[in-house]
Undergrad: 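Sharing a structure with you now.
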Amino acid sequence: MAIVLVERVRKNASIDWNLKESVRARMKVMVKRLLRQYGYPPDIQALAIELVLEQAKVFTEFEVETNRS
């Protein structure tokens, strides 16, 4: 699940995705569907989604900084 999640985040994340509400909402739906697909417990999905989105934000910021150098 983690590999698929990283691949999808990479495909869907743009430089400023976390600033655009529509793109952030689309990313959130993608993560939610993936968690459901892999049988993630529904009672902790909201926490997992927020954690994934926060990690995706850090990841994309790192990617931007790395590509600038």
Side-chain angles (χ1 to χ4, degrees):
M1 179 172 83
I3 293 170
V4 174
L5 185 60
V6 169
E7 289 173 356
R8 289 190 186 174
V9 166
R10 277 191 176 140
K11 284 182 186 178
N12 292 297
S14 60
I15 292 171
D16 59 350
W17 72 269
N18 58 324
L19 302 176
K20 294 182 180 178
E21 192 58 41
S22 62
V23 179
R24 185 172 166 81
R26 192 172 44 225
M27 183 81 79
K28 195 173 188 176
V29 168
M30 182 268 303
V31 172
K32 188 174 185 175
R33 285 181 182 161
L34 186 66
L35 291 175
R36 222 178 314 152
Q37 177 185 348
Y38 282 88
Y40 206 83
D43 57 330
I44 55 175
Q45 275 186 9
L47 180 62
I49 291 168
E50 290 307 314
L51 179 61
V52 168
L53 292 178
E54 185 61 33
Q55 289 174 344
K57 178 181 173 187
V58 171
F59 173 77
T60 53
E61 288 171 354
F62 175 77
E63 288 287 308
V64 168
E65 285 298 316
T66 303
N67 291 331
R68 282 187 190 165
S69 302

Undergrad: What's the spacing between Lys28 NZ and Glu21 CD if we round to 0.5 Å?
TA: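 That separation rounds to 8.0 Å.
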Undergrad: Give, for atom NZ of Lys57 and atom CG of Leu53, the distance between the pair rounded to the nearest 0.5 Å.
TA: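 Rounded to the nearest 0.5 Å, the NZ-CG separation comes out at 10.5 Å.
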Undergrad: Is there a continuous path of hydrophobic side-chain contacts, each under 4.5 Å between heavy atoms, that joins Ile49 to Ile44?
TA: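 Yes, Ile49 and Ile44 fall within the same hydrophobic cluster.
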Undergrad: Sequence neighbours excluded, which residues qualify as salt bridge (Lys or Arg N to Asp or Glu O under 4.0 Å) partners of Arg24?
TA: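 Residues passing salt bridge (Lys or Arg N to Asp or Glu O under 4.0 Å) with Arg24: Glu50.
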Undergrad: Carefully, step by step, assess Arg8 and Lys11 under the rule side-chain contact (heavy atoms from CB on, under 4.5 Å).
TA: CA-CA 5 Å; Arg8 289 190 186 174; Lys11 284 182 186 178; 5.6 Å; no
Undergrad: Verify the cluster assignment for Val9 and Val4: are they in a single hydrophobic cluster under the rule of side-chain heavy atoms below 4.5 Å apart?
TA: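 As far as the 4.5 Å side-chain criterion goes, Val4 and Val9 are connected within one cluster.
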Undergrad: Under the side-chain contact (heavy atoms from CB on, under 4.5 Å) rule, what do Gln45 and Val31 come out as? Steps first, then yes or no, please.
TA: CA-CA 9 Å; Gln45 275 186 9; Val31 172; over 6 Å; no
Undergrad: Applying side chain to side chain donor-acceptor pair (under 3.5 Å) as the test, list every pair that has at least one member in residues 32-44; sequence neighbours left out.
TA: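 Non-adjacent pairs meeting side chain to side chain donor-acceptor pair (under 3.5 Å): zero.
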Undergrad: Check whether Val29 and Leu51 end up in the same hydrophobic cluster, where Ile, Leu, Val, Met, Phe, Trp and Tyr are linked by side-chain heavy atoms less than 4.5 Å apart.
TA: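 Val29 does not cluster with Leu51.
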Undergrad: So, using side chain to side chain contact (heavy atoms under 4.5 Å, CB included) as the criterion, who are the partners of Arg26 when residues are at least two apart?
TA: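 If we apply the side chain to side chain contact (heavy atoms under 4.5 Å, CB included) test to Arg26, skipping adjacent residues, the hits are Val23.
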Undergrad: Atom CG in Leu35, atom CE in Met30: separation rounded to 0.5 Å?
TA: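 Spacing of CG (Leu35) from CE (Met30) equals 9.5 Å.
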